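Reading through the structure tokens given below for one structure.
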Amino acid sequence: MLASWYDDQGPAADVLHVGEPPDPVPGPGEVRVRVTVSGVNPGDTKKRRGWLGSSMPFPRVVPHSDGAGVDARRVGQRVWVYGAQSYRPFGTAAQYTVVPDHQAVPLPDHLSDELGASLGIPGITAHRTVFADGPVDGQLVLVRGVLGGVGSMAAQLAHSAGATVIATVRRTADLSRVDAAVVSHAVALDTGEPAAAIRSYAPRGVDRIIEVALSDNADLDNAVAANNAVIAAYATRTDRTEIPFWPLLFNNVTLRLLGSDDFPADAKRQAARDLTSAAAVGALTVAVGERHPLDDIAKAHDHVDARGGHGRILVNIPQ
């Protein structure tokens, strides 16, 4: 098969190779998927770089956990794939990948492979941030970074589940890009008093906060959280993040930290079902950014590392 891989960690252009390694062989309870589109996530590039001192988990790694393609065992059924390279060596940056049967999720015929390849890590993370602490019907949900991959899907899922969604963006210029059909109120962080602006829409505070940068926003989150609120944080900019402990404690705030590789298996399966259902009826869409051929996978990784542009970065796999 044609695939990309790395045998050492480092810069994308230095360590990513494209060639013809052996086809992966499915074991008991696994299926082999012919991949058409591979999705690139920040976690994929962090593993390749050796982020936080991580080492090579296997002698050779085919990167990327997300993808879409065809499950040959199911008579050519189209599927989307999640977790392909989670604790496994063979990801989706290849013509074939092997995953446990339940991680190849049927993809409705009217949905594109590009959307399917965009659902995995960001979609399952978004689902967990919204629903890990119960239903959100009738609640006020604040989504930080609503234009990002996780934030956008979290807002759509919360809205579909009956929540009123408030959102933040970095700059006033970004407000025009927020989907008003999903987000009731949007606040730019470059305004003078973002906490006051949020409180004007949520006088008693917000019930859930979907947090993309806890180190940056902990004080602001504290200022707008309702009593018994949940802060569901899936990222931070500073490894040792400070929080206003006593104010959060007196407000009975729950801080939930979310690492997608280790979500409970049942939660991942439920998320996969819900994401597929929402996408099937048009309640969940994903903005696709740049598409790269497999030969240019290093450029795709560099684009993700630079955090430039908007939308999912995809790699097209030759057929």
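Keep in mind that the numbers below use all heavy atoms, side chains included, and drop hydrogens, waters and symmetry copies. We count residues from 1, following the sequence as given. Computed from a predicted model, the values in this text were never measured in an experiment.
- Using a 4.5 Å cut-off on side-chain heavy atoms (C-beta onward), Val315 and Val40 make contact.
- Within a 6.0 Å sphere centred on CD of Glu242, heavy atoms belonging to other residues, nucleotides or ligands number 12 at most.
- Comment: Arg34 does not engage Asp71 in a salt bridge, judged by the lack of any side-chain N to carboxylate O separation of less than 4.0 angstrom.
- Contact between Leu314 and Gly39 at its shortest, heavy atoms only, is CD2-CA, 3.8 Å.
- Within 6.0 Å of atom NZ in Lys46, more than 12 heavy atoms from other residues, nucleotides or ligands are found, so the atom counts as buried in its surroundings.
- Screening Val183, Thr191, Ile198 for a side chain to side chain contact (heavy atoms under 4.5 Å, CB included) involving Thr168 leaves a single residue, Ile198.
- Looking at residues two or more places apart in sequence or on another chain, you find no ring-ring contact (aromatic ring centres under 6.0 Å, His included) involving His102.
- Within 6.0 Å of CG in Asp14 there are more than 12 heavy atoms belonging to other residues, nucleotides or ligands.
- Because its NZ or CZ atom is both nearer than 6.0 Å to the ring centre of Phe263 and within 45° of the ring axis, Arg128 counts as a cation-pi partner of that residue.
- For the pair Asp190 and Arg171, the salt-bridge criterion is not met [side-chain N within less than 4.0 Å of a carboxylate O].
- Contact annotation: the side chain of Val178 never approaches that of Asp174 to less than 4.5 Å [non-hydrogen atoms, C-beta and beyond].
- Atom CZ of Arg170 has 12 or fewer neighbouring heavy atoms from other residues, nucleotides or ligands inside a 6.0 Å radius.
- Checked against the 6.0 Å centroid criterion, the rings of His301 and His292 do not qualify as a close aromatic pair.
- The pair Arg256-Glu211 does not meet the salt-bridge criterion, since no charged nitrogen lies less than 4.0 angstrom from a carboxylate oxygen.
- Residues Leu255 and Leu214 have side chains in contact (heavy-atom distance under 4.5 Å, counting atoms from C-beta outward).
- Comment: Asp296 does not engage Arg291 in a salt bridge, judged by the lack of any side-chain N to carboxylate O separation of less than 4.0 angstrom.
- Two residues are said to be in side-chain contact when any heavy atoms from C-beta on lie closer than 4.5 Å; Ser260 and Ile121 meet this criterion.
- Side-chain contact check for Arg144 versus Leu189: some heavy-atom pair is nearer than 4.5 Å.
- Between Thr164 and Ser184 the shortest side-chain heavy-atom distance falls below 4.5 Å.
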(request) Evaluate salt bridge (charged side-chain N to carboxylate O under 4.0 Å, His left out) for Asp113 paired with Arg78, printing each intermediate quantity in order. (result) CA-CA 8 Å; Asp113 286 356; Arg78 296 174 64 239; 2.8 Å; yes
